[in-house]
Amino acid sequence: MIKVSLRALAACFEGAVPAVIATAAADGTPNVTFLSKVRCVDDERIALSNQFFSKTTRNLAENPRACVLLIDPHTYDEWRLTVAYERTEHHGRIFEQLREDVDTVATYHHMEDVFLLRAADVYRVLHVGMVRKGRDRVEGRAGAPAAERLSELIARLSRCTDLDTIVGATVDGLADVLGYEHCLLMLLDEDRRRLYTMASRGFGDEGVGSEVPVGEGIIGMAAARATTLRIGNLRQMTKYGNVVRRSYEQSGEIGPGREIPLPGLDEPQSRIAVPMLALGQLTGVLVAESTHSAAFGEVDEATLSIVATVIANAIEVERARENGEGATAAPPSPAPATDASTPPTLVRFFTVDGSTFLDGDYLIKGVAGRIMWSLLRQYTREQRVAFTNREIRLDPTLELPDFRDNLDSRLILLKRRLDERHAPIRIEKTGRGQFRLHVDTALRLDEVVS
Amino acid sequence: MFAPETTAFVEAGPALIVGTVGADGAPHATRGWGLTVLDRGTGEIRLLLDADDDQARANLVETGAIAITATDVPTLRSMQMKGTCTEVAPATDLDMERSARYRDAFFTDIEAIERTPRELPERLAPTALSACTVRVGELFDQTPGPAAGTPMQRAGPH
């Protein structure tokens, strides 16, 4: 009979502190090993991943009993579970949940082809007992964001009139209203292959324009699967993944690979990546990080999913509106004179990928880079500073896709990137579908054709 | 049985987890709080356990079967020792001193590597210890990965 609800041990199942499992062979020989993560299935069951057909698995085939030790990462309460093996699953909800855990490690360390979940073993919990009481629980950040605070953030977002303010209000609101001090808003690009950062809060560098390929790392995988991923033990997971990877390398199954430098905190311990979906389509990913282990729980997952859905729909509405009713012509507006005594800013543009540099410093690439180049050429040629989205959209040199060009997103990305770099070139939105270029320097344009 | 390097590894302050089994075949998991190799040749070791863990002690008296996995906190290099417990006795002053040194090394690693405040894992430590003498018969590489469980050393007849 279970005296303590498994739900009460929720933090233990975040994997922040490795669990322990003891089994015994039919001849009575015990086996004891660490587990990277235990999943809570329901009030009476847990599930463990099986990747290696280990001694634990073989023992359970002979003797279905096991004993599991769990630690609450917040209090260090230690619990002992007496469990009985019930069944093995090779598909279904439980299998998919465990597969997410395994795939997260695999994708983080480029072991997707070899580090695979073979089965999900489900155990009935016969008894839960406390081994040792830790410290009293200390309520951290939001913990359980109150409905009022969520309502306040939604209200802020609903008052935004354009994409630029939506993304700014999102990261500011997540930090100021809900307490997610380190967060990131990434949008899906036109090719649906990469995510690019539109805004962030709480990191050393805002990182506007930084990219993550869809399918790579925790963020990329959340996008690829359109599923929220939550990791509460990044240090432990990194260490575990590195060791497993070395083991595969020694066995010759995979060659040495590269590490993906994940954007964010220097030493994150927890990360949650929530897909932003509207009309069944992925728009982007909302990410929050923390230096605390197991910082994000189910309440955070639910809260951020609501916010992500609101943002995704707002962005889609804004895009549809922007695509449908942009202004047709910009009012004539001559460029103001620039200070001729200062040396000109060198703008170097690479046609191959749109990479753009200001005085040797990388600024942006891709569509945003090509937009920048187009604007500056018109500025230097015609002294133009007023533009409309519609005329930009018709510029064939931008190589925009015919469908879902996300031009407004790219313009906002460019604007935010210029602001972040304190560049002498800025973009100011002057009305719906209209914007103005501010250039506070003389320019020298250099196009590198390849 | 225990090469010098192996001895140094298990005595250095790795995480120690312990499996025992009762006469009814039910396994039981607990933690170790210090390990000393008494005889490298025969594989005899002295393992310190929570004196309040009645089930572990009862299992060791009943069946003697024991498995101990030692895991280096920084690298996760792991080794499993399997053998038979020949004696369970109250911890001596020397055992308590050894356990204090072990805990210091273990908690220092956790704090340095996991950034976990030391006072948290310290709460896991028992207040009273019992000492088990174990004759280790087999050693297994338990480092995470596909090779986990590979035998390292099996004791000869003795």
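All chains are named by letter (A, B, ...) in the order of the sequence lines, taking the proteins before the strands, and each is independently numbered beginning at 1. Basis for what follows: all heavy atoms, side chains included, without hydrogens, waters or symmetry-related copies.
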Closest contact, heavy atoms only, [X] versus [Y]:
| X | Y | result |
| --- | --- | --- |
| A:Val32 | B:Gln80 | N-OE1, 2.8 Å |
| A:Cys67 | B:Ala29 | SG-N, 3.2 Å |
| A:Ala66 | B:Pro27 | CA-CG, 3.7 Å |

Inter- and intrachain pairs under ring-ring contact (aromatic ring centres under 6.0 Å, His included), touching residues 81-120 of chain B, at least two apart: B:Tyr102-B:Phe106

If you tally heavy-atom pairs under 4.5 Å against chain B, which of [options] wins?
| options | value |
| --- | --- |
| A:Pro18, A:Pro30, A:Ala16 | A:Pro30 |
| A:Thr23, A:Asn59, A:Val17 | A:Thr23 |
| A:Thr33, A:Thr29, A:Ile21 | A:Thr33 |

May I have the list of side-chain donor-acceptor pairs in residues 121-132 of chain B shorter than 3.5 Å, sequence neighbours left out?
{"unit_1": "B:Glu122", "atom_1": "OE2", "unit_2": "B:Arg118", "atom_2": "NE", "d": "3.0"}

Give the intermediate values and the outcome of side-chain contact (heavy atoms from CB on, under 4.5 Å) for residues B:Asp50 and A:Arg132. CA-CA 11 Å; B:Asp50 180 358; A:Arg132 192 157 277 104; 2.8 Å; yes

Working note: A:Thr291 + B:Arg115, criterion side-chain contact (heavy atoms from CB on, under 4.5 Å); need CA distance, chi angles, decisive distance, verdict. CA-CA 9 Å; A:Thr291 53; B:Arg115 307 285 193 274; over 6 Å; no

B:Asp93, CG: over 12 other non-hydrogen atoms inside 6.0 angstrom: no

What verdict does the side-chain contact (heavy atoms from CB on, under 4.5 Å) test give for B:Lys82 and A:Asn31, after you've listed the backbone C-alpha separation in whole Å, the side-chain angles of each residue and the deciding distance to 0.1 Å? CA-CA 8 Å; B:Lys82 294 193 179 184; A:Asn31 190 84; 2.9 Å; yes

Counting heavy-atom pairs closer than 4.5 Å to chain A, which one of [options] comes out on top?
| options | value |
| --- | --- |
| B:Ala65, B:Gly25, B:Pro74 | B:Gly25 |
| B:Thr69, B:Thr75, B:Leu120 | B:Leu120 |
| B:Leu76, B:Ile17, B:Thr116 | B:Ile17 |

Which answer fits A:Pro73, side chain, backbone, both or neither, if we ask what part of it has an atom under 4.5 Å from a heavy atom of chain B? backbone

Counting only non-hydrogen atoms closer than 4.5 Å, does [X] touch chain A with its backbone (N, CA, C, O), its side chain (CB onward), both, or neither?
| X | value |
| --- | --- |
| B:Asp141 | neither |
| B:Ile113 | both |
| B:Asn59 | neither |
| B:Thr20 | backbone |
| B:Thr30 | both |

Go through the steps to decide whether A:Glu78 and B:Arg31 satisfy the test side-chain contact (heavy atoms from CB on, under 4.5 Å), and finish with yes or no. CA-CA 11 Å; A:Glu78 187 177 28; B:Arg31 295 180 192 276; 2.4 Å; yes

Heavy atoms, side chains only, cut-off 4.5 Å: are B:Gln55 and A:Thr82 in contact? no

